[in-house]
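Okay, so here's the structure we're looking at.
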Amino acid sequence: MFGMKRTRRAGVVAAVALGVALVAAGCSSSGGDSGGDAGGDGGDANLTITMLPKNLGNPYFDTSTGGAEEATEEFGGTFEEVGPSEASPTSQVQYIQTAAQQGAGGLIVSANDPEALCDALDEARSAGVKVVTFDSDTNPECRDLFINQATSEGIAKIQVDLIAEQIGDEGQVAVLSASANATNQNAWIATMEELLAADHPNIELVEVAYGDDDDQTSFDKTAALLQTYPELKGIISPTTVGISAAARYLSTSEYKGKVALTGLGTPNQMREYVEDGTVTAFALWNPADLGYLAAWATQALITGEITGEVGDSFEAGKLGSFEVGADGGVLLGDPYVFDADNIGDFDF
């Protein structure tokens, strides 16, 4: 159940300050003093960043972690990735507690559950750790900022539009989601249901299945959906693990070219399935940009550039300037559609 961790020190300028911070982290059980009283210039800021995805070994999170590590190198921090091997509601708690005990300055989390992490996150924040969620949020009161990949409405609409186009706007469809407790997945699915009912009366959503962001489970759930619903016309999988597992099943089955598949995936995962005709089009934002933005937002909190209030603005390296919105949300941008015409232009 325990995941791996990766540590990398970035930046020469901050080496002395980081050395002091790391020594303090090793001697302190609470980590409460290691963050210092960082002012707006960030001169004595503890830029020790811990990233906690839902689970390790997930290509989507591998990409977002790479973006966060790139950003941390740019602002001269120390970066560590930790996490469980399986995405379950409470599997992240121990990593949050450890990060706080070791004196992390900032914690970037994609939450497996909106409630289950709150006690641990509250303790970490009390110890001086700045908490930024990305991809999947907790309750707003449990963190400082949420880096949102796109609006729930925009993400849901692009997937509904794609499946409607691919099945001729009629027939049975199913959703292959991640875990039943995933905040982002549930928000998107709820909006999909509303959009289908309002704008696509001839499309019937027959089931929402859960692959738990596990490749084999998602593969098996795809097979079960096709066996249970012989008239199924399409599958929407709003998770990179799910869509690639479903595509792998479809690509060698009798359903290839007959059952449409769309959702959220990375180009490198989905390229072969687009090229062989299993998948026509799918959507996503750039997860590397999402992780990159999350790291810069964490840096801005640690240095005191922002406090997380509505209207706060900060610079995020190559991505430019961003503003904090309602409930501490920061929006990356709109989803992008990948198809046979453009997928070769991307490498992530």
Closer than 3.5 angstrom, by distance alone: can the side chain of [X] be matched with the main-chain N or O of [Y] as a donor-acceptor pair?
X      : Y      : value
Ser237 : Leu176 : yes
Ser91  : Glu86  : yes
Asp220 : Thr217 : no
Thr65  : Asp62  : no
Asn112 : Ser88  : yes
Asp312 : Thr307 : yes
Gln92  : Ser110 : yes

| Does a side-chain heavy-atom distance below 4.5 Å link Leu145 with Leu301? |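 Leu145 reaches Leu301 side chain to side chain.
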| said: Are the side chains of Leu52 and Pro84 in contact, using a 4.5 Å heavy-atom criterion? | reply: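 Pro84 reaches Leu52 side chain to side chain.
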| task | Evaluate the ring planes of Phe338 and Phe282, with Trp represented by its six-membered ring, and classify them as parallel (under 30°), tilted (30 to 60°) or perpendicular (over 60°). | result |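 Ring orientation, 0 to 90° scale: parallel.
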Between [atom1] on residue [X] and [atom2] on residue [Y], distance to nearest 0.5 Å:
X      : Y      : atom1 : atom2 : result
Thr266 : Phe348 : OG1   : CZ    : 7.0 Å
Glu305 : Gln299 : CD    : CD    : 6.0 Å
Lys130 : Asn46  : NZ    : CG    : 11.5 Å
Asp213 : Phe61  : CG    : CZ    : 6.5 Å
Arg248 : Thr222 : CZ    : OG1   : 9.0 Å
Thr280 : Leu261 : OG1   : CG    : 9.5 Å

| message | Here's a test for you: under ring pair (Phe, Tyr, Trp, His ring centres under 6.0 Å), which of Phe322, Phe75, Phe134 qualifies with Trp296? | response |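 Testing Trp296 for a ring pair (Phe, Tyr, Trp, His ring centres under 6.0 Å) against Phe322, Phe75, Phe134 leaves exactly one candidate, Phe75.
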Distance alone, cut at 3.5 Å: any donor-acceptor contact between the side chains of [X] and [Y]?
X      : Y      : value
Glu74  : Tyr292 : yes
Asp276 : Thr278 : yes
Tyr60  : Asp135 : yes
Asn181 : Ser179 : no
Ser177 : Gln185 : yes

| request: Decide whether Leu284 and Ile189 are clustered together by the hydrophobic rule: side chain heavy atoms of Ile, Leu, Val, Met, Phe, Trp, Tyr closer than 4.5 Å, transitively. | output: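 Looking at the clustering, Ile189 is in the same group as Leu284.
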| task | Run the ring-centre check on Phe346 versus Tyr336 and record whether the distance is less than 6.0 Å. | result |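 Aromatic pair counts; centres sit under 6.0 Å.
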| said: Is it the case that over 12 heavy atoms from other parts of the model lie below 6.0 angstrom from the CD atom of Glu231? | reply: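 For Glu231, atom CD is not crowded (no more than 12 foreign heavy atoms under 6.0 Å).
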| said: Enumerate the salt bridge (charged side-chain N to carboxylate O under 4.0 Å, His left out) contacts for residues 143-161, please, sequence neighbours excluded, ordered by first and then second residue. | reply: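 For residues 143-161, and leaving out neighbouring residues, the salt bridge (charged side-chain N to carboxylate O under 4.0 Å, His left out) pairs sorted by first residue read Arg125-Asp144, Asp137-Arg143, Lys157-Asp161.
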